[in-house]
Amino acid sequence: WKLRVHFTSYPTNQILPFDTNSNSSSSSSGGGDIMPTIQRYYMNSLKQALFLEHGSTQVAMNICKADHRKLWDAVVSSNYHLYGEINAELQADIRERNNSGGGTAGD
């Protein structure tokens, strides 16, 4: 995947701006590293999507930190194979919980 971001006429009334807190001045523009901000937005969107899909926060809350990291690394590096592995594990965990009577919609 290639992602192109344009920073002219940024529609701040429609899209949240990046958190460019000057605590991190690693960027030459003085804005700091935006990757942690993008990662937070991605993980938040993932949790929202899982809630909409399953009707519960259970699935999102059961993802371990290592799997979060692997998933993010897969997205950043466009590694579909790694993403597929993590997604398959998540789906297997979800099916297992649903078959055992846990994790149903409305929990």
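Counting begins at 1 with the first residue of the sequence.
With a 4.5 Å cut-off on side-chain heavy atoms, Leu71 and Ile63 do not count as touching. Under the 4.5 Å side-chain criterion, counting only non-hydrogen atoms from C-beta, Lys65 is not in contact with Lys70. By the 4.5 Å heavy-atom criterion applied to side chains, Val75 and Gln39 are not counted as neighbours. Within the 4.5 Å cutoff, the side chain of Ile38 has heavy atoms near those of the Trp72 side chain.
Hydrophobic clustering (ILVMFWY, side-chain heavy atoms < 4.5 Å, transitive): Phe51 and Tyr41 are in distinct clusters.
Asn79 contributes atom CG, which lies 9.0 Å from atom CG of Asp73 (distance to the nearest 0.5 angstrom). One distance of note links CD of Glu53 with CG of Leu50; it measures 6.5 Å at 0.5 Å rounding.
Closest of all the heavy-atom pairs between Ala74 and Tyr83 is CB-N, 3.5 Å. Nearest approach of His68 to Ala60, heavy atoms of both residues: NE2-O, 4.3 Å.
Residues His81 and Glu85 have side chains that bring a donor and an acceptor to within less than 3.5 angstrom of each other.
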Assess whether side chain to side chain contact (heavy atoms under 4.5 Å, CB included) is satisfied between Asp67 and Glu89, documenting all intermediate values. CA-CA 9 Å; Asp67 284 347; Glu89 288 176 25; 3.8 Å; yes
